[in-house]
Amino acid sequence: MNAPPITDELIAAHGLSAEEYRRIRELLGRTPTIEELGVFAVMWSEHCSYKSSKRHLRKLPTEAPWVVCGPGENAGVVRVGAGKVAVFKMESHNHPSFIEPYQGAATGVGGILRDVFTMGARPVALLDALRFGDPSHPRTRYLLNGVVAGIAGYGNCVGVPTVGGETGFHPAYDRNILVNVMCVGLADEERVFYARAAGVGNPLLYVGAKTGRDGIHGATMASASFGADAEVQRPTVQVGDPFTEKLLLEACLELMARDVVVAVQDMGAAGITSSSLEMAARGGLGVVLDLDAVPLRETGMSAYEILLSESQERMLMVLKAGCEAEAKAVFAKWELDCAVIGRLTDDGRLRAYHRGRLVADLPIAPLTEEAPVYARPATPPKPPLPFRPDPEALSIDPDAALLRLLASPELASKRWIFEQYDHQVMADTVRGPGGDAAVVRIHGTDRGLALTTDCTPVYCAADPRTGGRQAVAEAYRNLCAVGARPLAITNCLNFASPERPEVMGQFEAAVEGMAEACRALRFPVVSGNVSFYNETEGRGILPTPQIGGLGVLEDLELRVDLALGEEGLVLLLLGESRGWLGQSLFQQMLLGREEGAPPPVDLAAEARHGAFVRELAKDRLLCACHDLSRGGLAVAAAEMCLAGGRGARLEAPPPHLAPAAWWFGEDQGRYLLAVRPEEAEAVEVRARELGIAIARVGRSGGDALILEPAPPISLQRLEQAYESWLPAYAEEPQGGLEDQRDAHGGPGA
């Protein structure tokens, strides 16, 4: 078959600029083949090369005594005690999930699972962070149902519990939803595998499912904005098979237990191309590929298609020479394809052959470490204007306001979602969805991992630096609230086009804010993902630097829950309350505005308060604990009441604060603690000795929540408000395919 001529249109279709193509010509000293053009396109895509973000990501702290491996591998690795390490990472599958929500979300789960077990770790937990558009948008319900079904369908079949996450709604995501998935695995520290090729002549072993035409140019699609023709990109969405993934997981872990594997890489974005090149580059080696040896599920596939396919459930391994038969026997046992498709060389080049023809002959370094890095123009974000609310709005009835907030899409219970996920499989889930952080037992021990995902996009839109700080700080608080010692974070940085200076300004500021928080809290970044071009026809999402936090509990008996489980407990508010309503959920839901600066983040106070809460937990002084975030004090108290099936009475606001500011202000660094009456004074004294603000604000008991001087709100009314919105919305009949197509102007089911 004759290759098409390399035209300006073909270059643009591959996502390459004219300047990038000129550089390719200079590197090669000739015109590239169509296969070589495809290889450059995927390896130099934003998704693979991080060409717009790399210089800024270097600002993030990545080291600590407990960090074994930071960014640059398939996932990060931290020590968690008992000779074990936690291996974890978060990634995005935003564009595929918008085009085809079920398969996009499902294959997002599959991909992040492979990133973890590639390193020799058994996955033990999944979390998801989802952002959808306005619930009234005609496509939102369809996307919500498809994404949730895709996550459930894949995770439940593989047998890894989905233990936590968050779901938000905002009109900025109407035409570009976010699907971020985090996976955590456990391994023995001395049995971690890395994607660094070694040993000239060692064979490259292809394992897993056969290669098809699905997902071709998925990395390029993920590195471009949507237009009105988003539907034509459906062929770039991969198709997942969780049952094959389960077999692949078990087969890989079995082979890794033998002394035959040198390096392993998931065939994710850019498939065989990226997996072979990245392993070779890390080892300073070259690679020869025999594309005729690749197991195919479709006839007549070209070299271009084989190199760029992103078919799921595939891995690439470097084996020790002479171990091929042993490896093939293991994969035959698990009924998976296995083939030697190449070998390592010492020349630093990729050479790929197909049907006796050399279709690609490229230097590897320019495709990987020496890929373009851009200093994009950046416009610093403008300071937000002050929020000046009408005094009448601040004297609103707190009971009515609380019920409206609890029933809002942002705060309403997400039980309808997480009950579709199996969060108890493997029998090590100690605290599943619905708390500050999930808790998973380190199997066979009394230790546990605490896990959370956090971000407040409206804060980031108003002030990206503060929003970046707050996202990290909230993850830190959620881990401390269950008694865990925060260890490290992963992230998924979701932004619009980096070619727009205002977006790069947001990105730079958010990363700098994250870096400040990570340093102050000794909470390093060990892995992550950047997802740019989250926009459609020039309309971008809110900047969303999603944080995945991991902490450790040395003794699961000391973990703390948010449920009010006893009568007569004293409720203590830890941290200073100024009544900050800028960018608050109260303002958004009750006043219909998104104005002002987000609440400031005092990182020294966050560290001091978190350490104090952990000490109280260690000394068994906490009966319950909940961090204060969206919705403030009243919402935190309601959530504690609902979790424990027990009411509470909260004292009237202090005279210097308006009722709305006291009940719904979103000042940071605060926790609501429940302690026994005989221990309350000792806790207060300890806090004041450390210079930490603390105040008695109420007691638990009864069957209603009372926000004095307002009348009681029964737990039944609270539950009705909190639990009803999402199932009623998600299960409402929706229009057919043509209705969605017409309403969106783009893809349907």
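The shown structure was predicted, so the numbers you read here are calculated from the model rather than taken from an experiment. Keep in mind that the numbers below use all heavy atoms, side chains included, and drop hydrogens, waters and symmetry copies. Throughout, numbering of the chain's residues begins at 1 and tracks the sequence.
- Leu130 is not listed as a side-chain neighbour of Ile177, based on a closest heavy-atom distance of 4.5 Å or more.
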Report all side-chain donor-acceptor pairs from residues 69-78 shorter than 3.5 Å, counting only partners two or more places apart or in another chain.
from, atom 1, to, atom 2, distance (Å)
Glu73, OE1, Ala195, N, 3.1
Glu73, OE2, Ala195, N, 3.2
Asn74, OD1, Gln265, NE2, 2.9

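- Ser531 and Asn94 are linked by a side-chain donor-acceptor pair at a separation below 3.5 angstrom, with hydrogens and angles left out of the test.
- Closest heavy-atom contact between Ser53 and Phe532: CB-CE1, 3.9 Å.
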Donor-acceptor contacts under 3.5 Å from residues 508-517 side chains, at least two apart:
from, atom 1, to, atom 2, distance (Å)
Glu512, OE1, Arg465, NH2, 2.6
Glu512, OE2, Lys59, NZ, 3.0
Glu516, OE1, Arg469, NH1, 2.7
Glu516, OE2, Arg465, NH1, 2.4

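- In this model, no donor atom of one side chain and acceptor atom of the other lie less than 3.5 Å apart for Asp128 and Asn180.
- Taking the six-membered ring for Trp and the full ring otherwise, the centers of Tyr476 and Phe523 sit less than 6.0 Å from each other.
- No donor-acceptor pair closer than 3.5 Å links the side chain of Ser275 to the backbone N or O of Asp266.
- For the pair Asn529 and Asn491, the minimum side-chain heavy-atom distance is 4.5 Å or more.
- No salt bridge links Glu535 with Arg175; every basic N to acidic carboxylate O contact stays at or beyond 4.0 Å.
- Put simply, the side chain of Ser527 gets close to the backbone of Phe88: a donor and an acceptor are under 3.5 Å apart.
- Arg519 CZ: more than 12 foreign heavy atoms inside a 6.0 Å radius.
- Using a cutoff of 4.0 Å between basic side-chain nitrogens and carboxylate oxygens, Glu576 and Arg578 are scored as salt-bridged.
- Considering only heavy atoms from C-beta on, Ile11 comes within 4.5 Å of Ile6 through its side chain.
- The pair Glu410-Arg630 does not meet the salt-bridge criterion, since no charged nitrogen lies less than 4.0 angstrom from a carboxylate oxygen.
- Looking only at atom types and distance, the side chain of Gln583 has no donor-acceptor partner in the side chain of Glu666 under 3.5 Å away.
- Side-chain atoms of Ser52 and Glu46 form a donor-acceptor pair, as typed in the model, at a separation below 3.5 Å.
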Can I get a per-line list of side-chain donor-acceptor pairs under 3.5 Å for residues 596-609, giving both atom names and the distance, sequence neighbours left out?
from, atom 1, to, atom 2, distance (Å)
Asp602, OD1, Ala604, N, 3.2
Asp602, OD1, Ala605, N, 3.0
Glu606, OE1, Arg477, NH1, 3.3
Glu606, OE2, Arg477, NH1, 2.6
Glu606, OE2, Gly669, N, 3.1
His609, ND1, Gly669, O, 2.7

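- Scanning for ring-ring contact (aromatic ring centres under 6.0 Å, His included) contacts around Trp725 gives Phe169, Tyr729, with sequence neighbours left out.
- Side-chain contact of Asn176 with Asn534: a donor-acceptor pair under 3.5 Å is present, judged by distance alone.
- Checked against ring-ring contact (aromatic ring centres under 6.0 Å, His included), Trp663 has no partners two or more places apart in sequence or in another chain.
- For the pair Arg500 and Phe495, the NZ or CZ position fails the cation-pi test of under 6.0 Å to the six-membered ring centre and within 45 degrees of the ring normal.
- Aromatic ring pairs are classed by plane angle as parallel below 30°, tilted from 30° to 60° and perpendicular above 60°; the pair Phe664 and Phe586 is parallel.
- Residues Tyr21 and Pro32 are in side-chain contact: their nearest non-hydrogen atoms beyond the backbone lie under 4.5 Å apart.
- Proximity of Ile396 to Leu394: side-chain heavy atoms (C-beta onward) are nowhere separated by under 4.5 Å.
- Proximity of His170 to Arg131: side-chain heavy atoms (C-beta onward) are nowhere separated by under 4.5 Å.
- For Ala64, the side-chain contact (heavy atoms from CB on, under 4.5 Å) test picks out Trp66, Val67, Pro524, with sequence neighbours left out.
- Summarising the geometry, atom OG1 belonging to Thr544 is positioned 9.5 Å from atom CD belonging to Gln506; distances are rounded to the nearest 0.5 Å.
- Heavy-atom neighbours of Glu63 CD from other residues, nucleotides or ligands within 6.0 Å: at or below the threshold of 12.
- The pair Glu19-Arg22 meets the salt-bridge criterion, with a side-chain N (NZ, NE, NH1 or NH2) lying under 4.0 Å from an Asp/Glu carboxylate O.
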